Amino acid sequence: MNAWNAAESADFRGPLDVTRAATAVLDAQDTVIGWSPAAQDLLGYLPEEILGHHLETLVPAGDAWAEQSPDAALRSSQSRAVRHRDGRLLRMAVAICPLAKVPDGAGSLPARVLVAADLGAHRWWESRQAMLHGLATQSPVSLGIYDTELRLTWANTAYIREVGLPLREFLGARADELYPDAEFMTEGYPRTLDGVMHQVIETGQPVLDLHLVGQLPSDPGTDHVWSCSYYRLQNARSQVLGICEDAFDITDRYRAQRRLNLLVEAGARIGTTLDMTVTAQEITEVAVPDFASLVTVDLVACVLDGEEPGAGDGGVPTLMRVAARSVRSVRGAPNAPPADPHRVEYPPGSLQYRSLSSGGLVREEGTLVVPLRAGGTPLGLVTFLRDTGQSLFDTEETELADELVLRTAVCLDNARRFAREHKAALTLQRNLLPQHLPAQSAVELAYRYLPSDDRAGVGGDWFDVIGLSGTRVGLVVGDVVGHGLQAAATMGRLRTTVRALARLDLSPDELLSRLDDLVGPTTDDGVATVAGEDGTDDVTIGVTCLYAVYDPVSRRCTLARAGHLPPAVVTPEGGLSFPDLPEGPPLGLGGLPFESLDIELPAGSLMALFTDGLVEARDRDVDEGLEILGRVLSAHDRPLDELCDHALAELLPDGPAADDSALLLVRTRELDARQVAAWELPAEPTAVGRARELATGQLTEWGLEELAYTTQLVVSELVTNAVRHASGPLHLRLLRDRTLLTEVSDTGHTSPHLRYSASDDEGGRGLFIVAQLVQRWGTRYTPDGKTIWTEQAFPPRYPGAPRPDG
């Protein structure tokens with residue numbers, strides 16, 4: 001290749017388009033070794049007249065081109081005097097660009113190229129030169145030209161400033177040598193700079209906005225991010241001359257975007273639940289690995305219980321490690337959250353101890369400790385740690401960590417308050433639910449209550465078993481829709497009210513009607529209210545209830561429901577049914593009637609009362625749940641506790657669900673004929689004496705002679721009142737159960753009342769005397785009249801008294 005061919009190739013190695021300008025190639029001593037036809041036309045020199053001559057032949061010595069570096073020559077691209085062959089000086093636009101190597105037969109020589117254009121004939125050159133001058137000296141974009149061997153041949157001022165070394169120290173280096181540890185952040189390209197450049201040279205397709213991260217030779221401790229683009233350079237004959245690289249340092253923009261992305265991600269991922277452990281783990285998942293190599297979260301011990309934080313020994317609170325996450329490069333650090341919170345201690349002088357003592361964040365080298373605070377209340381600490389290969393936390397990153405921890409602290413404080421409320425509600429609920437159901441003669445009992453999971457909060461399901469007069473038993477199950485303290489408190493009031501109404505011996509439909517009066521009418525938006533003790537209304541969203549009364553003497557069960565699911569009944573022979581009870585509206589609608597259903601339950605029948613949380617789930621409808629419950633109850637001869645456990649295992653295999661669940665199982669009993677004595681008497685005065693005789697004889701048969709005198713007084717008073725104030729036949733019944741029960745029934749509906757009689761009153765003292773002689777007494781109404789009943793305790797060591805487990 002002759003000198004001109006080398007010069008022509010050189011024309012395209014720099015960013016200058018010199019196809020219309022004079023070009024001269026200079027060796028290291030600024031001797032002309034190449035001359036273009038355009039230079040001959042403009043300056044008049046033939047190649048043989050100029051080749052081998054010094055640059056001073058063309059440019060007056062006063063310009064001192066030889067003393068300037070290539071980059072300085074490029075920066076001085078401006079109007080200069082150039083000597084014509086005839087001696088005239090021409091004002092031309094002149095620039096000198098470096099060439100890495102000029103091929104020659106004997107080897108290669110370092111050289112530069114001089115480019116000149118006549119200002120009069122080529123005014124376009126001024127604008128082009130101005131643009132090139134700006135790119136070379138003022139542009140923030142780093143520009144570099146590489147030859148076909150991918151070696152750097154030219155770089156502008158921004159590129160040199162970016163590298164931080166003199167141009168002579170890296171001119172001719174390959175890109176992979178300049179950035180040996182660079183990592184690509186953009187997918188879909190070769191993983192090395194050499195690979196990317198080879199791809200561009202081979203295909204001609206430019207690569208745009210390729211993001212890579214690395215460290216500069218002048219700043220080895222700081223990661224930088226660049227947006228790079230690569231273009232192939234070629235001449236008019238499509239000869240590939242090299243590749244152009246432009247790179248823009250987007251580190252600040254990238255960090256700002258990363259901080260913004262991290263905050264957006266934190267807003268979406270932190271605080272998704274009201275579980276403090278989960279919330280603490282969420283910040284570690286957000287921060288690792290994009291922000292730190294290791295993150296640990298330590299909470300004050302009492303915070304986990306929902307309490308206000310308090311100081312421990314020496315004024316430093318006890319901390320519990322609740323979350324930790326790390327990348328594998330951190331030696332000895334956990335890669336998974338701790339299985340259970342455990343206590344951690346920090347010695348005096350440690351960053352964590354200093355942060356606890358001062359209440360502020362502490363930063364040292366690659367460690368950053370930020371306190372968790374909510375409203376001035378210390379909740380714990382978050383420790384961020386970076387591996388030795390990462391850059392240290394700067395001021396902006398410290399502010400970002402503070403923002404992340406602040407958001408987490410707000411979520412943790414909300415979770416703490418919820419935990420406190422949940423704990424209070426759970427305590428209230430447990431105290432309001434039956435703590436122990438006393439044994440009943442009428443039925444055998446087993447029950448289970450499963451609260452909802454922590455995400456849903458405490459619910460309002462309840463159940464109860466209420467002993468009634470005449471050895472009967474009241475069975476109730478209900479559901480207050482909703483969760484939290486309000487639902488638990490409403491449930492407690494309703495349960496107390498049901499027990500009070502049940503003691504009045506109301507029929508199930510009448511009891512629900514009275515309860516419906518307590519639950520106020522629904523508002524326009526369908527929300528029912530329950531009156532509080534202070535007269536205010538506590539808002540609920542619906543109340544359902546099922547109430548049943550079973551009589552072991554008649555084996556009759558009377559049921560009524562208010563929007564609740566019917567019970568499941570299994571006969572001693574194994575027949576399963578869900579009695580078709582009149583549905584009845586949920587409590588609170590007001591003005592709508594409730595109806596009862598009377599069914600006979602043979603001794604040994606199994607009845608299950610339950611709430612919808614037991615049989616209904618997100619992935620299962622009620623019918624499917626009832627079918628599963630029916631299969632469980634088909635093994636009706638198994639112990640009731642086993643049936644309860646089996647039902648929960650089948651219907652709630654994963655434990656607590658979104659709604660709480662209650663299950664009450666009863667197996668019916670029947671009083672032995674030897675425990676019951678009943679007679680019908682006429683409504684005449686002679687019935688009083690006959691009643692005393694019958695009662696005395698029966699007590700003698702039962703071995704209860706000690707109670708004969710008191711029972712005679714009770715029977716005389718009750719029968720006398722019935723004869724005086726009622727009509728129709730009278731009924732006398734004695735029941736030997738856990739106490740001695742005496743009942744007198746008549747067709748009247750007027751209830752007797754206790755009163756204090758004056759000294760001159762002839763009557764009115766009988767019922768008062770009776771009330772002093774017995775343990776309890778009362779009145780219950782039936783469709784045919786009323787029954788007055790009394791209870792007397794058995795004498796001590798009475799051998800015929802039923803056992804508590806009987």
Side-chain angles (χ1 to χ4, degrees), residues 140-144 146 149-152 155 158-165 169-170 173-203 205-231 243-262 264-265 284-295 325-331 333 335 365-366 368 384-394 396-397 400-401:
V141 178
S142 299
L143 292 175
Y146 297 82
E149 296 179 2
L150 305 184
R151 295 190 179 278
L152 184 68
Y159 194 107
I160 299 171
R161 185 170 55 248
E162 189 82 20
V163 175
L165 300 173
E169 294 189 19
F170 62 89
R174 301 173 68 92
D176 281 347
E177 295 171 350
L178 292 173
Y179 307 102
D181 300 322
E183 297 180 3
F184 286 20
M185 303 173 62
T186 307
E187 300 294 335
Y189 295 100
R191 304 314 299 169
T192 64
L193 287 174
D194 272 8
V196 171
M197 291 183 174
H198 276 300
Q199 175 179 303
V200 172
I201 286 179
E202 292 170 3
T203 65
Q205 296 295 323
V207 171
L208 306 178
D209 197 27
L210 176 66
H211 289 191
L212 59 92
V213 59
Q215 297 181 359
L216 294 169
S218 59
D219 189 12
T222 305
D223 286 337
H224 287 258
V225 181
W226 294 277
S227 173
C228 301
S229 298
Y230 298 90
Y231 314 88
I243 189 170
C244 177
E245 173 195 62
D246 67 67
F248 188 75
D249 192 328
I250 60 171
T251 303
D252 292 341
R253 187 183 73 186
Y254 172 76
R255 289 177 179 174
Q257 185 63 47
R258 189 183 66 168
R259 290 193 292 268
L260 178 60
N261 293 341
L262 205 62
V264 171
E265 184 180 7
T284 67
E285 294 172 354
V286 169
V288 176
D290 292 339
F291 185 73
S293 302
L294 168 66
V295 177
R325 189 175 183 85
S326 70
V327 295
R328 295 185 183 274
S329 60
V330 181
R331 183 174 59 187
N335 291 309
E365 297 182 356
L368 177 63
F384 301 91
L385 177 66
R386 284 185 172 173
D387 201 1
T388 54
Q390 293 180 298
S391 58
L392 306 182
F393 295 102
D394 59 22
E396 292 182 349
E397 289 175 323
L400 173 61

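Throughout, numbering of the chain's residues begins at 1 and tracks the sequence. Since the structure is predicted, the reported quantities are computational estimates derived from the model, not experimental observations.
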Please report the closest heavy-atom contact between V225 and Y254, naming both atoms and the distance. CG2-CD2, 3.5 Å
Say whether, by atom type as modelled, one donor and one acceptor occur between the side chain of R174 and the main chain of E149 under 3.5 angstrom. yes
Compare every heavy atom of L210 with every heavy atom of Y189, then report the nearest pair and how far apart it is. CD1-CD1, 3.6 Å
Note: P289 and V327 closest approach over all heavy atoms is CB-CG1, 3.3 Å
Can a side-chain donor-acceptor contact be found between E265 and N261 if the only test is distance below 3.5 angstrom? no
For a quick test of reading the model, state the closest non-hydrogen atom pair linking F384 to A401 and the distance between them. CE1-CB, 3.9 Å
Applying the side chain to side chain contact (heavy atoms under 4.5 Å, CB included) test to E245, which of W226, Y231, Y159 qualifies? Y159
Looking only at heavy atoms, the pair that brings L150 and H198 closest together is CD1-NE2, 3.4 Å
Rounded to the nearest 0.5 Å, what separates atom CD1 in I243 from atom CD in Q199? 9.5 Å
Indicate yes or no: at least one non-hydrogen side-chain atom of S229 is less than 4.5 angstrom from one of L208. yes
Measuring from atom OG1 of T192 to atom CZ of F184, what distance do you get when rounded to the nearest 0.5 angstrom? 6.5 Å
Do any N or O atoms from the side chain of S293 and from the backbone of D387 form a donor-acceptor pair under 3.5 angstrom? yes
Can you find a pair of side-chain heavy atoms, one from F291 and one from V286, that are under 4.5 Å apart? no
Taken in chain and number order and not counting sequence neighbours, the residues that satisfy side chain to side chain contact (heavy atoms under 4.5 Å, CB included) with R255 are T222, T251, R259, D394
Step through the shown structure and confirm whether more than 12 heavy atoms of other residues, nucleotides or ligands are within 6.0 Å of CD on E183. no
Measure the CG-OG distance between D249 and S142 for me, rounded to the nearest 0.5 Å. 7.5 Å
Would you mind checking if D290 and R258 are paired as a salt bridge, meaning a charged N to carboxylate O distance below 4.0 Å? no
Close side-chain approach of E169 to V163, heavy-atom, < 4.5 Å: no
Validation row: L400, L262 side chains within 4.5 angstrom (heavy atoms): yes
Close side-chain approach of V200 to M197, heavy-atom, < 4.5 Å: no
Looking at every heavy atom in both L212 and C228, which two are closest together, and how far apart are they? CD2-SG, 3.9 Å
